[in-house]
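Counting from 1, the numbers follow the sequence of the chain as shown. For ligands, and for the atoms within them, numbers begin at 1 and follow the listed sequence. No hydrogens, no waters, no symmetry mates; every other heavy atom, side chains included, goes into these values.
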Amino acid sequence: MLDIKIELNPNPKKLPDKNDPLVFGTIFTDHMFIMDYTAEKGWHDARIVPYQPICLEPSAMVFHYGQEMFEGLKAYKSKDGRILLFRPDMNAKRTNRTCEILCMPGIPEEDFVQAIKELVKIDKNWIPTREGTSLYIRPFIIATTPFLGVKPADKYKFIIILSPVGPYYPEGLDPVKIWIEDTYVRAVKGGIGEAKTGGNYAASLRAQMKAHKEGYSQVLWLDGVHRKYIEEVGSMNIFFKINGVVVTPMLNGSILPGITRDSVIRLCWEWGYEVQERLISIDEVYEAHKNGTLEEVFGTGTAAVISPVGKLRWDDHVMVIRDGGIGELSQRLYDNLTGIQLGDLPDTFGWMVEVK
Ligand SMILES: *Cc1c(COP(=O)(O)O)cnc(C)c1O
């Protein structure tokens, strides 16, 4: 149990207007959670304070060698006024896995969830309720030791900020166009691809710019060794429905183990689909598209929940999926996941955690 000191913001901001589009990640609430780590004291001084800049030495190790991690989850307000979190224990577990990979100190799962709950409770008026909106929660850890040598730091800060958000992609549930990247790579087996860390995103920007220039909004990564097997979309995991079977790349160490991915697999099992987690080559996808068995393609992630894919471009080949329309399974997954998250559908998996 954390002993969290609370300093309320004496100058609360004006809440966003009901019709504010809430462009993803642009508005922040009145408070933030922060706690410090030193090798001697461990995690200490947990506090909730007014949202504000943080002061770090220019030599803080995070700026130089990128030792940092982050998480992303959402809080929702149900029609009957409950505040709900979606599987926060999974984010806590993944935080500790990422910390292990990056040689950072982990956080006890209960403390991680407690900090989120306390902060969300204080800023609960910021949870938007319009369709497709939620309160995005961004926990992160940074290395703060002032030192220019390369080694794991011995001082860290764990911070949580909150942002009321609308849809992640301006397209909303409209299918996105995806560029399959065959030159640049995001991560390789044995690297840090399964860690939720900024470095993987830094590695993704160049290909993303290339894709944007070609009129595609996202990049689908291929494996770093053969440039042949499908990995993920860089902020989403990817699923294919081929001839009635749901197929997604297995967790191989270079892709992020998505919580939405796990939830989608469980829902598909529940509905009687065969789900295969395995190697899937781009040639197989191309063949399936050619012979008409590629029925659906969609991305999964906290930010967008389900993101149908309408077009894939691989080298000179353009694959249009379902005439660019949303598939039945994609729509059903979106409706059920968001229904459970908003408390409109029964939580039969025990995924939702109420903030009281
Ligand atoms: C966060 C993230 C995902 C999606 O994970 P969720 O837990 O479903 O939000 C997928 N890929 C990468 C690289 C990510 O950082």
- Query: Looking only at heavy atoms of G72, does any of them come nearer than 4.0 Å to an atom of ligand 1?
  - Reply: no
- Task: Within a distance under 4.0 Å of any heavy atom of S235, pick out the atoms of ligand 1 and give their elements.
- Result: 2 (C), 3 (C), 4 (C), 10 (C), 11 (N), 12 (C)
- Query: Considering only heavy atoms, does L256 approach ligand 1 within less than 4.0 Å through its side chain, its backbone, both, or neither?
  - Reply: side chain
- Any chance you could measure T26, atom OG1, to D20, atom CG, to the nearest 0.5 Å? 7.0 Å
- Give the C-alpha distance, both sets of side-chain angles, the deciding distance and a yes or no for side-chain hydrogen bond (donor to acceptor under 3.5 Å, both in side chains) between N9 and Q52. CA-CA 10 Å; N9 193 330; Q52 61 191 280; over 6 Å; no
- Relative to the heavy atoms of G301, which atoms of ligand 1 are at a distance of less than 4.0 Å? 4 (C), 8 (O), 9 (O)
- Query: Just by distance, with hydrogens left out, do E100 and N96 show a side-chain donor and acceptor under 3.5 Å apart?
  - Reply: no
- Task: Check ring pair (Phe, Tyr, Trp, His ring centres under 6.0 Å) between F140 and all other residues, then give those that pass, not counting sequence neighbours.
- Result: none
- Query: Is the closest N or O pair between P257 and ligand 1 shorter than 3.5 Å?
  - Reply: no
- Query: So, do V264 and T248 sit near enough that their side-chain heavy atoms are less than 4.5 Å apart?
  - Reply: no
- Ligand-residue contact atoms, ligand 1 with G258, heavy atoms, under 4.0 Å: 5 (O), 6 (P), 7 (O), 8 (O)
- Going by the order shown, which atoms of ligand 1 are within less than 4.0 Å of some heavy atom of M236? 10 (C), 11 (N)
- Identify which of T260, N200, T300, V264 has a heavy atom lying nearest to atom 8 (O) of ligand 1. T260
- Item | Spacing of OG1 belonging to T260 relative to CZ belonging to F239, to within rounding of 0.5 Å | 9.0 Å
- Note on the structure: A student comparing M90, K196, R261 should find that the heavy atom closest to atom 14 (C) of ligand 1 comes from K196
- Query: In terms of atom number and element, which parts of ligand 1 are under 4.0 angstrom from non-hydrogen atoms of R186?
  - Reply: 13 (C)
- Task: Could you tell me whether the side chain of S263 reaches within less than 4.5 Å of the side chain of L337, counting heavy atoms only?
- Result: yes
- Item | With E194, the salt bridge (Lys or Arg N to Asp or Glu O under 4.0 Å) member among K189, R186, R97 | R97
- When distances are taken from atom 13 (C) of ligand 1, the protein heavy atom at minimum range is G234 O, 3.0 Å
- Could you say whether the N/O atoms of T302 and ligand 1 ever approach to under 3.5 Å? yes
- Message: Evaluate F158 against Y37 for ring pair (Phe, Tyr, Trp, His ring centres under 6.0 Å), listing each step before the verdict.
- Response: CA-CA 8 Å; F158 173 51; Y37 178 94; over 10 Å; no
- Item | Proximal ligand 1 atoms for Y201, defined as those under 4.0 Å from one of its heavy atoms | 12 (C), 13 (C), 14 (C), 15 (O)
- With heavy atoms of E232 as the reference, note each atom of ligand 1 found under 4.0 Å away. 10 (C), 11 (N), 12 (C), 13 (C)
- Task: Could you list the atoms of ligand 1 found under 4.0 angstrom from a heavy atom of R94?
- Result: 5 (O), 6 (P), 7 (O)
- Atom CD1 in I122, atom OG1 in T29: separation rounded to 0.5 Å? 10.0 Å
